[in-house]
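Worksheet: the structure to be examined is printed underneath.
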Amino acid sequence: MNTDNAATRLAAPSRMNRERVILVAISALAVLLLSTASTYYVGLVAVVGVNAIVVIGLAFLMATGQMSLGHAAFVGLGAYSSALLTIRLGIPVVLAIPMATLLCASVGYVLAKLTLQLKGHYLPLATLAYGMAISVCFVGAIDLTGGASGLTGVKPLSIFGFAFDTRTTAVLIWIVVALLVIGYTRVYRGRVGRAARALKSNRVMVSAFGVDVPATRTRIFVLSAALAGLAGTLYACYMQFLSPSTFSLNASINVLIMAVLGGVAGPLGAILGAAFFTVIELSAQYVIANVLELPGQVETMLFGAILIIMLLKWPNGLLSWARIGERPPLEADPGHAASASHQKRPAASLEADNVTKKFGGLTALSEVSAAIPSGAITGLIGPNGAGKSTLFNVLTHVFPATSGSVTLNGKPLPLTSQEVVRQGIARTFQHVQLVQELDVLQNVLIGGYINGKSGLFSAAFGLDKAEEATLTREALIALKRVGLLDVAHTKVSELPLGSQRLVEVARALMARPSLLLLDEPAAGLRAPEKERLSRLLQSLRDEDGMTVLIVEHDMELVMGCADYLFVLNFGTLLAQGSPTEVQCNPDVINAYLGTEV
Ligand SMILES: Nc1ncnc2c1ncn2[C@@H]1O[C@H](COP(=O)(O)OP(=O)(O)OP(=O)(O)O)[C@@H](O)[C@H]1O
């Protein structure tokens, strides 16, 4: 298939068009608010906007596999601190808003450092605990906050002499929502957003491609705390009165429901979730009070029942129903797709010296020494359970050796898997580690993480376009090399297992490695695909000067393309040599190959 044509066909809908549609929609809403809507509806729309800002941050947090049961506390912290800065210290509201947002980001940073290392149920419980603790302070600090009676006299926003009334504040809230939707859409599809979403399904894999997992999780938590704080400051300006019950545990649960209801696979879900939640709540109130004339408690039951039905019907949120979720990222420039090339690194050499690896009482590797020849294809073979994948994991520092040492180009192997990939080692996994809900191209792009520089802010401001275009071109070339260009925009979950393994190979190539480690890449491949893989390995060696280490049970493939072989058996090195030498070795025949070879 011609790369140019394919790239033209693969061109994604323009990011700009979509952003223009969002801006036009928000502007239309603003005009409507300013001109026609009654005060009641203006208030309603303003509260939906405030909730949408909180939910945008929370949804991003949830898309990365994190959860917060105390997010309303950040909203309260933003609201009370901006109000108190203006009331007590006389700071103009326009300055109090960024100061309060920064305070929430700082508190978020401290809490992230304290809690994000917690695993399983402990993390949500910790967020619940600090959410409740902060909310209690709003009631307890009576002198500052007015306690349960609330804080009155909160000042509205005024910029350069223009005083915002409720209507214009509502418009401002929605302008912020629009900007956040645009910024978040860019971040979500950018380098950090991709890595963050991959975090949810597999931390080991994203680390192996250079992502600093704790730092990324912290950054996203801080961002979401800051957004909740910002929402609080705008809420304070709009309401000009604060009650602690607004920021209680109930409110935290509500924003969580909004996020789930809307769907976390994109920022528009946040708006849908916030809007639908409010509509359902008000409808339930209306039906119970005016149509059925039942007591107020029934309203909560009806509201709960409607929510349950909606979540059962659309478990991935309304966003999936509206089919406006994931879209392909940047379009590839067809003019350059065929010409861009990988940067060559000098071929690498890797050496294991007396490596032993124990898992409790089980010795998976026992004093294995192996020098992987530079610029060649080396096969690592042996029966099931021989220790091949364990050696792979030690060589890429997924876990450390119990004893012995590993050197890369004569120097000790770096101590983290992020550094290992920076030094030029990329790998695939025995059990496919792809992000099933992403398409093939985005999965491959994760492999290019270390070759990019853009972060959350550069992506939000659209400054990553050139970098994304380069990485996308490179990803398309990698996909072409493994024969999967046709399915670049197919979800990986829709591909057969063999093709998924090839996606992993393409992803590893995106890291521009000098040493490529492939763990059973031919498992599940059909004969023509195996031939293609064999040709690819040889071209990586001959044209790219890459060192390749391959664990494989397919002897035809290994014997056909490997220059050198190591044979493991019961965690020890049984033999090594050229394929011909190994095939004639009686120990190897006995232990692994059998007599017919
Ligand atoms: N994380 C782990 N914890 C405990 N035991 C492990 C772990 N990883 C591997 N093992 C054990 O170490 C031994 C070697 O396993 P390993 O997966 O390295 O073998 P292998 O040669 O790759 O086998 P296969 O060809 O079946 O993939 C096995 O007995 C396995 O059960």
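Atoms within a ligand are numbered from 1 in the order they appear, just like the ligands themselves. No experiment lies behind these values; they were computed from the predicted model shown. The chain is numbered in sequence order, starting from 1.
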Handout entry: Check against salt bridge (charged side-chain N to carboxylate O under 4.0 Å, His left out), E474 and R512
Key = CA-CA 10 Å; E474 210 171 304; R512 300 176 193 157; 2.7 Å; yes

Practice task
Evaluate the criterion salt bridge (charged side-chain N to carboxylate O under 4.0 Å, His left out) for residue pair E494 and K491; output intermediate values, then yes/no.
Solution key: CA-CA 6 Å; E494 291 166 18; K491 271 194 176 179; 5.9 Å; no

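Here the protein heavy atom with the shortest distance to atom 26 (O) of ligand 1 is N384 ND2, 2.8 Å. With respect to atom 19 (O) of ligand 1, the closest heavy atom belonging to the protein is G387 N, 3.3 Å. The single protein non-hydrogen atom nearest to atom 27 (O) of ligand 1 is Q430 NE2, 2.4 Å, given as residue, atom name and distance. For atom 17 (O) of ligand 1, the closest non-hydrogen atom on the protein side is S389 CB, 3.7 Å.
Atoms of ligand 1 found under 4.0 Å from any heavy atom of E520 (numbered from 1 in listed order, with element): 25 (O), 27 (O). Using a 4.0 Å cut-off to heavy atoms of A386, the atoms of ligand 1 that qualify are 19 (O), 20 (P), 21 (O). Per-residue contacts place H553 under 4.0 angstrom from the following atoms of ligand 1 (heavy atoms of the residue considered): 25 (O).
Separation of atoms CD (E531) and CG (L536) is listed at 13.5 Å; rounding is to 0.5 Å.
Comment: E529 does not engage R532 in a salt bridge, judged by the lack of any side-chain N to carboxylate O separation of less than 4.0 angstrom. Ionic pairing of K388 and D519 is not present here: no N-O contact between side-chain nitrogen and carboxylate oxygen is shorter than 4.0 angstrom. Contact check on E437 versus R197 returns no salt bridge, with no Lys/Arg side-chain nitrogen under 4.0 Å from an Asp/Glu carboxylate oxygen. Ionic pairing of R481 and D544 is present here: one or more N-O contacts between side-chain nitrogen and carboxylate oxygen are shorter than 4.0 angstrom.
Residue-level proximity to ligand 1 for L362 is carried by the side chain, the only part with a heavy atom below 4.0 angstrom.
Note on ligand 1: K357 sits outside its first shell, no heavy atom being nearer than 4.0 Å.
Between T390, N569, L380, it is T390 that holds the heavy atom closest to atom 18 (O) of ligand 1. Comparing G361, G382, G385 by heavy-atom distance to atom 23 (O) of ligand 1, the nearest is G385.
Ligand 1 has no nitrogen or oxygen under 3.5 angstrom from a nitrogen or oxygen of F359.
Put simply, the residue from R194, R191, K453, R473 that forms a salt bridge (Lys or Arg N to Asp or Glu O under 4.0 Å) with E468 is R194.
In this structure, F60 has its ring center no closer than 6.0 Å to that of F221.
The presence of a protein heavy atom under 4.0 Å from atom 31 (O) of ligand 1 is ruled out.
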